[in-house]
Amino acid sequence: MSHLLHLLAAISLLVWGTQIVRTGILRVFGENLRHLLTVSMGNRFNAVVAGIGVTSLVQSSTATCLIVSSFLGRNLVPLAAALAVMLGADMGTSLMAVAFSFDFSWLSPFLIFVGVLMFTTREKTTAGRLGRVAIGLGLMLMSLQLIGETTRPLTESPPVRALLIALPNEILLDIFVGALLTVLSYSSLAIVLLTATLASSGIIPPPVALGLVLGANLGSGLLAVLTTARAPVAERRLPLGNLLFKAVGCLIAMPLMPEVLKHLPQWIPSPHQQVVLFHFGFNVMLAIVFIGLTPLIARQLERLLTAPRVTDSGRPRHLDRSALQTPSLAISCAAREALHQADVVETMLRGILPVLRENDLELAERLREMDDTVDELYTEIKLYLTQISRESLSERESRRWTDIVSFTINMEQIGDIIERVLQDIEDKKIRKDRRFSDAGMAEICHLHERLLANLRLGMSVFLDGHVRDASRLLEEKARFRDLEHEYAASHIARLQDNTAHSIETSSLHLDLISDLKRINSHICSIAYPILESAGALSPTRIRHSVLAPFDGDEATPEESAEDTIARRSIAAARPRIGAGRTAGR
């Protein structure tokens with residue numbers, strides 16, 4: 001019983017080590033790997049090579065499939081090229097199995113020692129994350145050695161030998177077991193390595209071992225299909241196509257297994273090498289057979305899985321749950337959804353002027369209902385971001401995480417202000433049948449036009465993070481404030497002239513330009529994280545003594561009151577993320 005427990009522990013260590021290596025590589029090189037895949041899609045053969053390279057690093061064809069599927073969801077790559085990437089990805093996994101088949105047990109203690117040293121001393125840096133990868137590799141090598149040592153006593157046990165003799169030579173059952181183990185362990189590489197080690201120890205016969213290898217290949221394709229089961233249609237086509245490759249390959253290989261079992265020992269005497277090289281040869285043959293058929297299969301998959309007609313329901317469109325396993329990819333998804341939230345806010349903002357000019361109560365009602373959509377998107381983005389482990393993010397990705405949080409908070413607050421503005425217009429103008437003076441309406445139109453331009457600039461700053469555009473946006477804050485003062489003074493002058501329309505709408509007019517200024521302040525707050533990280537905040541415009549301390553937070557002499565407020569808002573965004581909010585009010 002103790003030998004069996006040791007074997008299970010060693011198997012668990014192998015699966016865990018594989019997971020550590022995969023997540024560690026994605027944390028360090030995630031963005032670079034995504035870029036490599038993107039630029040390699042122009043040619044099918046380049047796509048195969050890229051798939052081999054990326055999967056050899058992350059040691060998971062499933063992870064590569066999820067990354068490329070997200071590209072398909074954004075229409076960044078053609079499906080035919082993505083299928084070619086997956087043919088290479090499967091070859092990359094089998095290459096790593098061949099590499100691990102060599103005796104590197106002497107390297108395991110060194111990798112674990114160096115990895116722990118790097119991880120504990122420089123945990124938050126790239127070196128620390130590479131140390132984590134080294135630990136994973138060391139654990140994988142150690143687990144393979146432990147599996148070999150623990151299986152020897154088991155093979156010498158008479159009950160185990162009797163059980164092995166009684167095993168049915170049924171390839172369909174072997175394929176099913178291999179696929180099931182792969183889905184449960186989330187790693188076909190771990191199952192192939194385990195199978196090779198058990199075969200070399202004699203605990204499983206060669207026919208069973210090769211059947212398990214076919215099952216591991218089929219299981220990796222099934223795993224990707226299950227992971228993307230709830231994804232958009234465009235993202236489900238690639239996993240389904242990859243599973244189709246593997247299923248057809250298994251169907252072709254099954255009748256050929258007797259011949260393979262007959263000749264394989266003559267060419268490769270070692271059972272361990274037989275397993276890993278059969279795994280490699282199977283995936284090479286898949287690539288040779290299907291590389292020329294990828295365009296045809298892509299067309300058939302597009303016909304089989306037809307994307308529904310797109311309707312803007314306001315629901316989250318880019319928060320891909322499967323991308324959470326790749327932090328850099330999840331950050332990109334959250335940023336795109338934040339821009340979708342900003343698009344909804346822009347629609348609300350554009351609608352203010354038609355409501356004001358045409359007294360359109362129906363439009364006002366629709367626009368106010370859109371604030372619920374903005375709140376819902378904010379809540380969904382917030383919850384999505386909290387599912388990303390902050391420890392798994394690089395320093396630059398962590399700053400981006402905070403930028404997205406700050407951006408979505410600002411958009412949510414702008415939506416609230418617009419909702420109140422529309423309600424005020426209904427109550428104080430439309431229902432009382434009042435109208436602005438021509439001069440007053442012209443002023444509001446001018447502020448509204450500048451506000452829309454600033455919102456578009458703010459979205460560009462959030463998307464690209466250019467310091468020059470952030471500086472322009474901050475300059476617009478001062479210009480907008482000056483316009484508010486100028487137009488408020490003009491309104492007061494019209495009141496002194498006893499302009500009738502100005503008197504009737506005085507309260508609404510002053511509240512409206514004040515609310516537009518508040519909206520502009522939230523838009524301009526988008527620039528502060530970029531300028532703060534670049535050390536480019538504007539110099540102070542008032543004395544330091546005017547700035548009161550805020551919970552022990554001292555303002556520096558070099559920053560203005562507005563800079564201080566913005567900096568505190570950014571800091572406040574972090575605890576606010578953990579707080580629960582309801583979508584809509």
Side-chain angles (χ1 to χ4, degrees), residues 312 314 335-360 363-371 373-375 377-378 406-426 429 436 438-466 468-488 490-491 508-528 530 566:
D312 191 2
R336 296 182 69 232
E337 195 62 42
L339 287 174
H340 173 44
Q341 183 197 27
D343 288 337
V344 179
V345 169
E346 183 180 3
T347 302
M348 294 179 66
L349 185 59
R350 285 183 179 276
I352 290 178
L353 214 53
V355 171
L356 202 59
R357 283 173 168 167
E358 302 167 13
N359 294 338
D360 192 337
L363 176 60
E365 177 67 21
R366 290 201 306 269
L367 293 173
R368 283 193 289 107
E369 289 175 354
M370 292 178 70
D371 182 53
T373 300
V374 174
D375 293 339
L377 289 169
Y378 164 72
S406 177
F407 182 83
T408 55
I409 289 174
N410 281 308
M411 291 300 109
E412 188 263 347
Q413 292 176 343
I414 291 173
D416 292 343
I417 297 172
I418 295 174
E419 182 185 25
R420 289 195 299 270
V421 165
L422 291 167
Q423 189 64 60
D424 284 346
I425 293 173
E426 285 187 36
K429 178 180 182 292
F436 288 101
D438 292 340
M441 180 59 78
E443 292 168 357
I444 292 172
C445 290
H446 183 219
L447 289 176
H448 184 267
E449 181 183 354
R450 294 189 73 94
L451 204 56
L452 281 172
N454 288 348
L455 179 58
R456 288 191 292 268
L457 179 59
M459 293 167 68
S460 175
V461 169
F462 171 74
L463 183 62
D464 300 325
H466 292 160
R468 181 185 61 186
D469 290 339
S471 300
R472 284 176 52 206
L473 186 59
L474 203 57
E475 291 169 2
E476 283 296 322
K477 185 172 186 177
R479 294 194 187 100
F480 206 93
R481 182 181 59 245
D482 293 340
L483 282 174
E484 185 223 4
H485 294 329
E486 177 186 341
Y487 290 158
S490 299
H491 177 72
L508 177 60
H509 186 98
L510 292 175
D511 287 345
L512 190 54
I513 61 176
S514 176
D515 286 333
L516 293 180
K517 179 196 170 186
R518 290 180 58 203
I519 293 174
N520 189 68
S521 296
H522 283 295
I523 294 172
C524 293
S525 295
I526 300 168
Y528 280 100
I530 286 89

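Hydrogens, waters and symmetry mates are skipped; everything else that's a heavy atom, side chains included, is used.
Contact of the Ile418 side chain with the Ile519 side chain is registered, since non-hydrogen atoms from C-beta on lie closer than 4.5 Å. Inter-residue side-chain proximity for Ile352 and Ile444 is flagged as unmet; no heavy-atom pair is nearer than 4.5 Å. Looking at Arg366 and Leu422, their side chains never come closer than 4.5 Å, going by heavy atoms from C-beta outward. Residues Arg357 and Cys445 form a side-chain contact, since some pair of their non-hydrogen atoms from C-beta on lies under 4.5 Å apart. The shortest side-chain heavy-atom distance between Thr373 and His340 does not fall under the 4.5 Å cut-off. Side-chain contact check for Leu452 versus His448: some heavy-atom pair is nearer than 4.5 Å. Asp375 is listed as a side-chain neighbour of Asp416, based on a closest heavy-atom distance under 4.5 Å.
Using a 4.0 Å cut-off between charged side-chain N and carboxylate O, Glu365 and Arg368 make a salt bridge. Between Arg472 and Asp469 there is a salt bridge, since at least one side-chain N of the basic residue sits less than 4.0 Å from a carboxylate O of the acidic one.
Judged as a salt bridge (charged side-chain N to carboxylate O under 4.0 Å, His left out), and not counting sequence neighbours, the contacts of Glu443 are Arg494.
For His522 (side chain) and Glu412 (main-chain N/O), no donor-acceptor pair under 3.5 Å exists by modelled atom type. A donor-acceptor pair under 3.5 Å is formed between the side chain of Asn410 and the backbone N or O of Ser406. At least one donor-acceptor pair closer than 3.5 Å links the side chain of Ser521 to the backbone N or O of Lys517.
In plain terms, the two heavy atoms of Met459 and Asp343 that are nearest each other are CE-OD1, 3.2 Å.
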task: Could you check Asp482 against Arg479 for salt bridge (Lys or Arg N to Asp or Glu O under 4.0 Å), going step by step and ending with a plain yes or no?
output: CA-CA 5 Å; Asp482 293 340; Arg479 294 194 187 100; over 6 Å; no
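Residue Gln423 forms a side chain to side chain contact (heavy atoms under 4.5 Å, CB included) with just one option from Arg420, Glu426, Glu419, and that option is Glu426.
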